[in-house]
Number of protein chains: 2
Amino acid sequence: MKSIEPTIKADEGTPPRAGEKILRVARDLFYRQGIRAIGVDEIVRRAGVTKPSLYRSFPSKDELAASYLRQYDLEFWARFDEAVAAHPGDPRAQIAAFLTRIGKRTQKPDYRGCGMTNAAVEYPEHGHPARVVSEANKQELRRRLRAMAAAMGARDADTLGDGLLLLIEGAYISGQLFGAGGPAKSVARNADLLIEASLKK
Amino acid sequence: MKSIEPTIKADEGTPPRAGEKILRVARDLFYRQGIRAIGVDEIVRRAGVTKPSLYRSFPSKDELAASYLRQYDLEFWARFDEAVAAHPGDPRAQIAAFLTRIGKRTQKPDYRGCGMTNAAVEYPEHGHPARVVSEANKQELRRRLRAMAAAMGARDADTLGDGLLLLIEGAYISGQLFGAGGPAKSVARNADLLIEASLKK
DNA sequence: TGACAATGTTACCGATCGGTACGTATACCT
DNA sequence: AGGTATACGTACCGATCGGTAACATTGTCA
């Protein structure tokens, strides 16, 4: 496993390594067009590098896809934690902030949903490197949503947490299916209604 | 447009035409493995026919995929209307019946979600034959759900209808992401909570 | 200066991709 | 029996797929 993960340390002005350029381009193309739809030749061409450079930094295209998703995972949790940090001790407001943001993103013209979700749809076979990353992300999201539902004081926290997850996944999908004006714009409102109906009286 | 749609007329005992065998095999493989993941060679091989037979019945692989989805569309609405017919004049019970059934299907070990949804994820580009069918199906589903929400007497029927659609799409996706024991099993329960919270008092 | 690591260059691999030109078999109708 | 239309198979196409071998070039640090 010699795949190069995105180097997080501050940019020192050095020219970007080939592996970084490749990952940047791959991330963009994989997200917008899908992983199966993009060939390695197009990635290296748009990255301005050559194919051997790709295979020196990543053992295979599948592992490159997994690296893309690992980076996506980091950015996802950064957004999630941002919404959480904005409303300390108030999980209901945290969910509202996160979902409001998702609802807005889904209304952008070229919205393409969640890279994790899309990858799992593209690779249904268990054990595929990309799918493994995707499943882990979703398991963790489920765990956190259930915990937040419990902290809200839901009668059945697991059911509410799962209901919120269903709304979120539904927003990801219908965001890219319907485009602007689609059902995803109501995700925050519906989540709040569901929460309200799920709290102890 | 000379694509052969599934002939619905009763089987007359005649040996199945090549086009029918192809569509049957393609439907199974496309649904389980994904459209992009399956090549035409594998389809004709498992159908016991040859490639020219495929291209005599379908103008392209993309149109074969669209035919698969048109058939999927028919079967989908058959299931939907079955749930509707089981509870005449009671849209809330109709939704409950439909979602209970979805919730059960998502718990089966090899559940692969909704063929329509998956196709839209695989083909993000507007105008792709498969995506066109998928989008039309979802638009109609949205229309019906909103109408049912209105018939229930929701304060905001469009929001409730969209909320139900989000839950359904979320069930499709998390059904294939989490497998048995996943969040999708609570889709009917969460929908009922959402409905309860959305009705006029 | 010399060694080393990283990248680029060129050319190539077998496999598979979606798609087609063209000949052959079969069944039906006259 | 003969013609004809329909259905199917053999063999092939160029392009692209993911991946690699072998070698030249560069910049860095000792």
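No hydrogens, no waters, no symmetry mates; every other heavy atom, side chains included, goes into these values. Lettering follows sequence order; numbering is per chain, from 1.
Distance CG (A:Leu29) to P (D:dG18): 12 Å, rounded to an integer number of Å. The nearest whole Å value for the distance from the CG atom in A:Leu54 to the P atom in D:dG19 is 9 Å. Rounded to a whole Å, the CD atom of A:Glu63 is 15 Å from the C1' atom of D:dG19. B:Ile35 places its CD1 atom 15 Å from the P atom of C:dC17, with the value rounded to the nearest Å. Atom NZ in B:Lys21 sits about 12 Å away from atom C1' in D:dG9, given to the nearest Å. Protein atom CZ of A:Arg17 is 10 Å distant from nucleotide atom C1' of C:dA5, rounded to whole Å. Rounded to an integer number of Å, the gap from A:Lys61 NZ to D:dC17 C1' is 9 Å. Atom CZ of B:Arg56 is separated from atom P of C:dG19 by 15 Å (rounded to the nearest Å).
A:Thr106 pairs by the side chain to side chain contact (heavy atoms under 4.5 Å, CB included) definition with A:Ile102, A:Tyr111, A:Ala184, not counting sequence neighbours. When the side chain to side chain donor-acceptor pair (under 3.5 Å) test is applied to B:Arg105, no partner is found at least two apart in sequence or on another chain. With sequence neighbours excluded, the residues satisfying side chain to side chain contact (heavy atoms under 4.5 Å, CB included) with A:Ser198 are A:Leu160, A:Leu194, B:Leu193. Residues satisfying the side chain to side chain contact (heavy atoms under 4.5 Å, CB included) criterion with B:Glu135, sequence neighbours excluded, are A:Leu177, B:His126, B:Arg131. For A:Glu122, the side chain to side chain contact (heavy atoms under 4.5 Å, CB included) criterion is met by A:Ile35, A:Arg36, not counting sequence neighbours.
When side chains are defined from C-beta on, A:Asn118 counts as touching A:Gln176, because their heavy atoms get closer than 4.5 Å.
Between A:Tyr55 and D:dT20 there is no side-chain polar atom (N or O) within less than 4.0 angstrom of OP1 or OP2.
Across all strands shown, A:Ile38 has heavy atoms under 4.0 Å from sugar-phosphate atoms exclusively, and none from any base.
Residues of residues 39-52 of chain B that place a heavy atom closer than 4.0 Å to DNA chain C, in numerical order, are B:Gly39, B:Val40, B:Asp41, B:Lys51, B:Pro52.
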